[in-house]
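Predicted model only: the values in this text are computed from it and were never measured. The chains referred to below are lettered A, B, ... by the order of the sequence lines, with proteins before strands, and numbering in each begins at 1.
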Number of protein chains: 2
Amino acid sequence: MIRYSKQTRLLLAVDCIIFGFDGETLKILLIKRGFQPEKDKWSLMGGFVQPTESLDQASNRILKQLTGLEGVYLEQLHTFGNPLRDPIERTVSVTYFALIDINKYETQLSSDYHPEWFPLKRVPKLIFDQQDMVELAKKRIRYKAALHPILFELLPPKFTLPQLQNLYESVYNTTIDKRNFRQRVLATGLMMKLEDKDKSGSKRGAFYYQLNMQQYYANFQAFLNFIPNPGNLL
Amino acid sequence: MIRYSKQTRLLLAVDCIIFGFDGETLKILLIKRGFQPEKDKWSLMGGFVQPTESLDQASNRILKQLTGLEGVYLEQLHTFGNPLRDPIERTVSVTYFALIDINKYETQLSSDYHPEWFPLKRVPKLIFDQQDMVELAKKRIRYKAALHPILFELLPPKFTLPQLQNLYESVYNTTIDKRNFRQRVLATGLMMKLEDKDKSGSKRGAFYYQLNMQQYYANFQAFLNFIPNPGNLL
DNA sequence: ATTTTGAAGTGTGATTATTACACTATGAAA
DNA sequence: TTTCATAGTGTAATAATCACACTTCAAAAT
């Protein structure tokens, strides 16, 4: 086999920042690392890129390994390549962030990794430079969600407007006027009102909505304004 | 030395998409590839990541190698890792895009690589998946410039408003009303009007402006609207 | 000297988007 | 039938955006 001689080869890993929303706060899923170094420390779910797989395939594999989920929102975030980030051997890490419906996850939990959900404000110390990865992912999700309807990926297929508002408020750590929020999001035409209500949150019940997938895909790249004064909040 | 045994190591490269603006059109800088495979074909400037350098260091090194420039705008774009993208040996490429002042470049040109500027509409066939890299870079620059004042990086320190407008019009392949454009950009407070004029473009001459760096850094993350209806143009 | 020329520069009114803000409706439980 | 907690609704004021056409300047030509 011909090779590019004299060049250094190195390890390539993929690490996933997995976001979920429990109705209250935005959380990320961490595992207890299963091997040395830093064994049993809290860590992002990750793994080495295998010889025949692409980076997207690797990240999907890793996500499925932990959550059992496929076909979820997964986007490449950034590649971290500081030469000393892994003390054992140089390893470059391509990070992805995933947005999953926390309910779908809970039923298919793979417990090999002792995974746990942590609210973003209470993320434990992480190994290597994973703290930076999480920070960057937080920034990115806020940035992107201010303009594009990605947060729906965190909700079940049927959701209520109060749920959606909670989600936005928790992502941006702010409060939004109910009337303005409803007007704003309904004006996008992304949501269809359903007949039935969610009665879990109140006696009166709140109407369910679901995404209009046509509109969703058509408008995904448009600059939608989901939150007031987004620039102030990032 | 302890290592992660049994994992495959692979080559890591950095490729740079270098943008410049000549006053007329937005261009990228390409080189004739100096080694096999695909020797002498048009290619992005790139190189392998060296054992002791970070990815940012590698991209800066590569950019300097070609242009002689340091301290220019350089941002990580995306990492391409399709296992078959390089036919010789698996090589993952971390791409960066650079925005440079084309005038600064011309004086320090390194000709070892037979570099040439190509208008974005007339980019020749590129090797491997570099076509995808360029497409993505184009999208990213449009996306980002719609919200953040990055295009100033393509202009000399002193520039005129007609120049700036030309730049925006050429990036978005559109025309913008002069009055609205001036109002819009001056309202950001990013620019300071200078005493002297550029007389090269007209008899009357256009006033030079320069960036107010305070404002520039302070407002960089804010969502500024530089072009009308950005969502329609991306 | 006067005129021509070509780009630079300027202001306003109409439309649209955004914001602030407070009460009523519902239905279960007490 | 009253209480309670959350769901749901409208409007007016303000701000942002858009469309649109003429004047100013200074060099070059006459």
Side-chain angles (χ1 to χ4, degrees), chain A residues 23-24 146-147 155 158-170 172 174-210 219 222-233, chain B residues 23-24 146-147 149 155 158-170 172 174-210 219 222-234:
Chain A
E24 288 297 318
L147 301 167
L155 294 173
K158 288 167 62 178
F159 55 86
T160 68
L161 288 178
Q163 272 171 36
L164 185 66
Q165 182 169 352
N166 266 346
L167 173 52
Y168 274 89
E169 289 182 339
S170 119
Y172 291 99
T174 185
T175 57
I176 308 176
D177 180 89
K178 202 160 46 156
R179 288 160 291 190
N180 294 342
F181 181 79
R182 297 171 82 96
Q183 178 180 305
R184 194 182 282 273
V185 297
L186 291 174
T188 63
L190 292 173
M191 285 166 282
M192 300 183 307
K193 189 176 185 174
L194 302 179
E195 299 289 293
D196 53 336
K197 288 180 162 185
D198 168 29
K199 300 239 176 179
S200 69
S202 74
K203 294 157 187 166
R204 182 179 179 180
F207 279 104
Y208 279 120
Y209 285 77
Q210 73 179 171
N219 290 13
F223 284 172
L224 306 170
N225 271 8
F226 284 102
I227 54 162
N229 304 318
N232 299 342
L233 297 171
Chain B
E24 289 296 318
L147 300 167
L155 295 172
K158 288 167 62 178
F159 56 87
T160 67
L161 288 178
Q163 273 171 37
L164 184 67
Q165 183 169 349
N166 267 347
L167 173 53
Y168 274 90
E169 290 181 338
S170 118
Y172 291 99
T174 186
T175 57
I176 307 176
D177 180 88
K178 206 160 45 156
R179 288 161 290 192
N180 293 341
F181 181 78
R182 296 171 82 95
Q183 178 180 306
R184 194 183 282 275
V185 298
L186 291 174
T188 64
L190 291 174
M191 285 167 280
M192 299 182 308
K193 189 176 184 174
L194 302 179
E195 300 289 294
D196 53 336
K197 289 180 165 185
D198 167 30
K199 300 239 178 180
S200 68
S202 74
K203 295 157 187 169
R204 183 179 181 179
F207 279 103
Y208 280 119
Y209 285 77
Q210 74 178 171
N219 290 14
F223 285 170
L224 305 169
N225 272 9
F226 285 101
I227 54 161
N229 304 315
N232 300 341
L233 297 171
L234 305 178

Can you tell me how far P of D:dG8 sits from CG of A:Leu161, to the nearest Å?
6 Å
B:Tyr209 meets the ring-ring contact (aromatic ring centres under 6.0 Å, His included) criterion, sequence neighbours left out, with none
Residues from residues 178-187 of chain B sitting under 4.0 Å of DNA chain C, heavy atoms only?
B:Lys178, B:Arg179, B:Arg182
Carboxylate-amine/guanidinium contact B:Lys158 B:Asp196, below 4.0 Å
yes
Checking contacts here: which listed nucleotide (D:dA5, D:dC20, D:dA27) is nearest the side-chain heavy atoms of B:Lys199?
D:dA27
Separation of A:Phe207 atom CZ from D:dT6 atom C1', in whole Å?
14 Å
Kindly say whether the aromatic ring centers of A:Tyr168 and A:Phe181 come within a distance under 6.0 Å.
yes
Which residue, A:Gly205 or B:Lys203, contacts DNA chain C at a nucleotide closer to its 5' end, judged by nearest heavy atom?
B:Lys203
Reckon B:Asn225 touches a base, only the sugar-phosphate, or nothing at all at heavy-atom distances under 4.0 Å?
sugar-phosphate
pair B:Leu147-B:Phe226: side-chain heavy atoms closer than 4.5 Å:
no
Student check: side-chain heavy atoms of A:Asn166 and A:Glu169 closer than 4.5 Å
yes
Tell me if a side-chain donor or acceptor on B:Asp177 pairs with a main-chain N or O of B:Asn180 at a distance below 3.5 Å.
yes
Compare all side-chain heavy atoms of B:Leu167 with those of B:Leu155 and state whether any distance is below 4.5 angstrom.
yes
DNA chain C: first to last nucleotide in contact with chain B (atom under 4.0 angstrom from a heavy atom), 5' to 3', is C:dT5 to C:dG11
Is any side-chain heavy atom of A:Leu190 less than 4.5 Å from a side-chain heavy atom of A:Val185?
no
Side chains of A:Leu161 and A:Lys178 in contact at under 4.5 Å (non-hydrogen atoms)
no
Spacing of A:Lys197 atom NZ relative to D:dT6 atom P, expressed in whole Å:
15 Å
Classify the side chain of A:Arg204 versus the base of D:dA7 as yes if they form a donor-acceptor pair under 3.5 Å and no if they do not.
yes
Between A:Lys193 and A:Gly201, who's closer to the 5' end of DNA chain D by nearest nucleotide?
A:Gly201
